[in-house]
There are 2 protein chains.
Amino acid sequence: MGVKERKERDKVEMRDKILQSAQHLFLAKGLDQTSIRNIAEAIEYSPATIYLYFKDKNEIIHALHLDGFRLLVRHFEPLVKFTDPFERLIEMGNAYIKFATTNPGVYELLFVRTEPMEYVSNCLDEEWKEGDRAFDVLFQTVSQCQQSGHFKGLDTQNLSMMIWSFIHGLCSLGISNHITHVKEARDKKLVVDAVMASTYQTFQTVMERLKA
Amino acid sequence: MGVKERKERDKVEMRDKILQSAQHLFLAKGLDQTSIRNIAEAIEYSPATIYLYFKDKNEIIHALHLDGFRLLVRHFEPLVKFTDPFERLIEMGNAYIKFATTNPGVYELLFVRTEPMEYVSNCLDEEWKEGDRAFDVLFQTVSQCQQSGHFKGLDTQNLSMMIWSFIHGLCSLGISNHITHVKEARDKKLVVDAVMASTYQTFQTVMERLKA
DNA sequence: TCTAAAAATAAACACCGTTTAGTAATTTTG
DNA sequence: CAAAATTACTAAACGGTGTTTATTTTTAGA
């Protein structure tokens, strides 16, 4: 009589299959070029079937958004080995940049696209656990930096927000190809990564000077 | 025999009409919700007519992009009255934030969307005059700050890039509604503008400390 | 085996950007 | 002035999109 159980397993299996195909297509061709019809074709079902497992395309996007956050968190995990909070903060930035540049599509999904946020807004409990957890990692690190003498007299929340803003701005300008089009980058034939690296280096220097 | 001249006037007139309608729809409903068919309907011509005046939708988007930059530059114009370069730098940030928050759709077009950059890439002379000019205003101001004792030992280009990254990150996170979904902002029931303002205030403090 | 429920789908709806082939208006020419 | 040529415009189609509805197929239990 394990029919109901099996059916439920089948249901989540199918959901995963859809999500897996969606992610595959999304990574290969980008979000806008991934259609419900493509996904359906990939799993060899009709487009209408997708709608038996997901309310609409935004729900699929949001599921991929969750996966993306798990990937980001995984990029942060090795950071525990840095005992010095300031060093950890700097390496966090590097990890963030690396995540963004090696997974530009995913990064866009997490922090640029509005669809996942819209989905979050439409959920009754209007929270964003993934974002909160990631931000808290930053907040705690900044807080520890302050406990060991850095960033005196600056509000932890605001400073964390400032750091996130900078790093996000750098990554999103890089990914969206705006950096490659400013004159200096063109003249010196600098690749995006080089501009991002030296900009981050300057940021690092600035942060170091805030110790005193 | 002013036929040719009149026809040319008519041509630019029509182009403007299309652009005007496109902008109107774009500001009202956003870029993705503005279709060629909508624009055609607004000007009471058939959709195919649009293609007699613009190569494709990206060309229209790029034209709006140019208009948007003109609007941004207009936001910067009053800044000449600030003779102190550091004060001007800070006010530039405020002007930028104001521009972004009061014209979120336009801001997205200028600095988030990739379509206009793609259009620029496809132009043979691969430059981005508007972006260059705007960035140069920042660069010159930073340079003047350094001449009057600020930001010692920091590379002007990198520092300018850092400042732009921060401000852009702050604005884009604000506009894309990512800020409103982090826990602290929700808990304290802070509106986006308040978070942005206090974050920018912290940035200002940080920049001030770089004088020494 | 028959029936009720569940799962999958074909087909449609209303859009989209874009192209093509053909019509209507205008200008130039004989 | 009429005919020819050029220009301006558009109807209709193509191949795509997300999504819904009505229908069929598959499965499960009596």
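Below, read A as the first sequence line, B as the second, and so on, with proteins coming before strands; counting in each chain starts at 1. Bear in mind that the values here come from a model prediction, so they are computed numbers and not experimental data.
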Closest to the A:Leu52 side chain, choosing from D:dG18, C:dG17, C:dA8: C:dA8
Between C1' of D:dT19 and CG of A:Asn58, the distance in whole Å: 13 Å
Euclidean distance, atom CD of residue B:Gln33 to atom P of C:dC16 [Å, nearest integer]: 9 Å
Check: A:His178/B:Trp164 side-chain N/O donor and acceptor closer than 3.5 Å: no
B:Asp67/B:Arg70 ion pair, N-O < 4.0 Å: yes
d(CZ, A:Phe54; P, D:dG18) in whole Å: 14 Å
Proximity to the side chain of B:Lys57 - top-ranked nucleotide from C:dT18, C:dA7, D:dT19: C:dT18
Phosphate-side-chain proximity, B:Tyr45 and D:dC9, N/O vs OP1/OP2 below 4.0 Å: yes
Length of the CG-C1' vector between A:Asp56 and D:dT17, whole Å: 14 Å
Residue pair B:His181 / A:Ser121, side-chain donor-acceptor N/O under 3.5 Å: yes
OP1 or OP2 of D:dT17 under 4.0 Å from side-chain N/O of A:Asn38: yes
Gap between atoms CD1 and P, on B:Ile50 and D:dA8 respectively (whole Å): 15 Å
B:Tyr51 OH to D:dT7 P, straight-line distance once rounded to whole Å: 23 Å
No-hydrogen, no-angle side-chain donor-acceptor test under 3.5 Å, A:Tyr96 and A:Tyr200: no
Any N/O donor-acceptor pair, B:Arg37 side-chain to C:dG17 base, under 3.5 Å: yes
Value in whole Å for how far the P atom of C:dG17 lies from CG of A:Asp32: 13 Å
Any A:Ser46 side-chain nitrogen or oxygen under 4.0 Å from OP1 or OP2 of C:dA8: no
A:Tyr53 side-chain N/O to C:dA8 phosphate OP1/OP2 under 4.0 Å: yes
Among D:dT10, D:dA8, D:dT20, the one nearest B:Lys11 by side-chain distance: D:dA8
Atom-pair distance (CE on B:Met14; C1' on D:dC9), nearest Å: 9 Å
Contact under 4.0 Å: A:Thr49 side-chain N or O vs C:dT9 OP1/OP2: yes
Contacts of B:Arg74 that satisfy salt bridge (charged side-chain N to carboxylate O under 4.0 Å, His left out) - sequence neighbours left out: none
